[in-house]
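We number each residue from 1, following the sequence as shown.
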Amino acid sequence: MNQQLIDAVIVQLNCDDDELTATMSDITNHGADAGFSGFIYHRDTCQFARANMAAIYGQIKDDAADFGTDPLEMVAGFGCLNGEFPAFEIAAVIHNDIDDATRNDGAETSILNALAWYALESAAHSFDN
C-alpha cells in the first residue's frame, strides 16, 4: 500500500494517536459508509479524491493487477456505485476530463466519493495489517 495515501487518509481523518488505531479498526470492520470524520460529506470526499488522485489511481491499478482485472472495471464494480457508471465515465472523472452531462447528473460526485472511500478502506486494511 502506498504510504503517501495512508498518510493522506490519516490527515483527512484528523484523529489523535489514541483514536487512530480504533478508528482504522472500525473502518476495516464496518466500511467507509459507516461515516468517519473527513469522509462523510461529498465536499470533503471529492476534495480528498481530487487532491490525492495520482496515489488513489496508482493503488487501484496495483490492486486490479493483483485481482487480474481492469482498473476501471474494478471501480465500476464498487458496491457504492451500484454498477451505474460505465468505465469511460469513470476514466473521465479520474483524468479530470469531465463533460457537462457527467458533472450535472452527479456522476462526478458519486465517482469521486467512491474513490475517496476506496482510499479510506484500503488504508485502514493496510494499517490494521
Side-chain angles (χ1 to χ4, degrees):
M1 173 82 194
N2 180 324
Q3 188 62 46
Q4 175 189 357
L5 189 54
I6 294 171
D7 293 343
V9 165
I10 291 170
V11 167
Q12 184 79 2
L13 284 169
N14 196 28
C15 292
D16 63 31
D17 291 340
D18 295 334
E19 297 175 308
L20 185 58
T21 300
T23 298
M24 290 299 209
S25 180
D26 286 345
I27 295 163
T28 298
N29 292 325
H30 304 291
D33 61 343
F36 296 92
S37 179
F39 291 90
I40 298 171
Y41 301 106
H42 286 154
R43 70 178 177 267
D44 297 331
T45 59
C46 291
Q47 181 181 25
F48 175 86
R50 277 281 169 238
N52 296 285
M53 188 60 73
I56 293 169
Y57 191 50
Q59 189 62 48
I60 287 170
K61 290 190 294 187
D62 289 348
D63 289 348
D66 289 345
F67 296 134
T69 190
D70 177 81
L72 299 175
E73 289 177 18
M74 186 178 95
V75 174
F78 287 176
C80 63
L81 294 179
N82 301 315
E84 293 179 28
F85 306 105
F88 76 86
E89 199 164 29
I90 293 165
V93 172
I94 288 172
H95 299 293
N96 203 17
D97 186 23
I98 305 157
D99 61 18
D100 287 340
T102 300
R103 185 173 290 107
N104 294 336
D105 70 2
E108 176 186 28
T109 298
S110 294
I111 294 165
L112 288 172
N113 186 70
L115 295 172
W117 281 7
Y118 164 82
L120 175 63
E121 290 180 3
S122 296
H125 288 293
S126 180
F127 188 89
D128 269 357
N129 291 332

First locate atom CG of Asn52, then atom CD of Gln4, and finally report the distance between them rounded to the nearest 0.5 Å.
7.0 Å
Within the 4.5 Å heavy-atom criterion, are Leu13 and Leu120 side-chain neighbours or not?
yes
Heavy-atom check, side chain of Ile56 versus side chain of Gln59, under 4.5 Å
no
Working to the nearest 0.5 Å, report the span between CG of Asn113 and OG1 of Thr109.
8.5 Å
Can you see which heavy atom on His30 is nearest to which on Asp33, and at what distance?
O-OD1, 3.6 Å
Which pairs, with at least one residue in residues 35-56 and sequence neighbours excluded, count as a ring pair (Phe, Tyr, Trp, His ring centres under 6.0 Å)?
Phe39-Phe48
Side-chain donor-acceptor distances from residues 71-97 under 3.5 Å, at least two apart:
unit_1, atom_1, unit_2, atom_2, d
Glu89, OE2, Thr102, OG1, 3.1
Asn96, OD1, Arg50, NH2, 3.4

4.5 Å side-chain heavy-atom contact, Ser126 and Ile6:
yes
Distance from Leu112 atom CG to Asp44 atom CG, nearest 0.5 Å?
12.5 Å
Side-chain heavy atoms of Met24 within contact of Ile10, under 4.5 Å:
yes
Do the side chains of Asp63 and Tyr118 get nearer than 4.5 Å, heavy atoms only?
yes
Start with the C-alpha gap between Phe127 and Leu20, add the side-chain angles, then the distance that decides, and say whether side chain to side chain contact (heavy atoms under 4.5 Å, CB included) holds.
CA-CA 10 Å; Phe127 188 89; Leu20 185 58; 3.8 Å; yes
Could you walk me through whether Ile60 and Leu115 pass side chain to side chain contact (heavy atoms under 4.5 Å, CB included), step by step?
CA-CA 9 Å; Ile60 287 170; Leu115 295 172; 3.4 Å; yes
Establish whether Val11 and Ile40 are linked, either directly or via other cluster members, by ILVMFWY side-chain heavy-atom contacts under 4.5 Å.
no
Checking the side chain of Glu121 only, and the main-chain atoms of Ala32 only, is there a donor and an acceptor separated by less than 3.5 Å?
yes
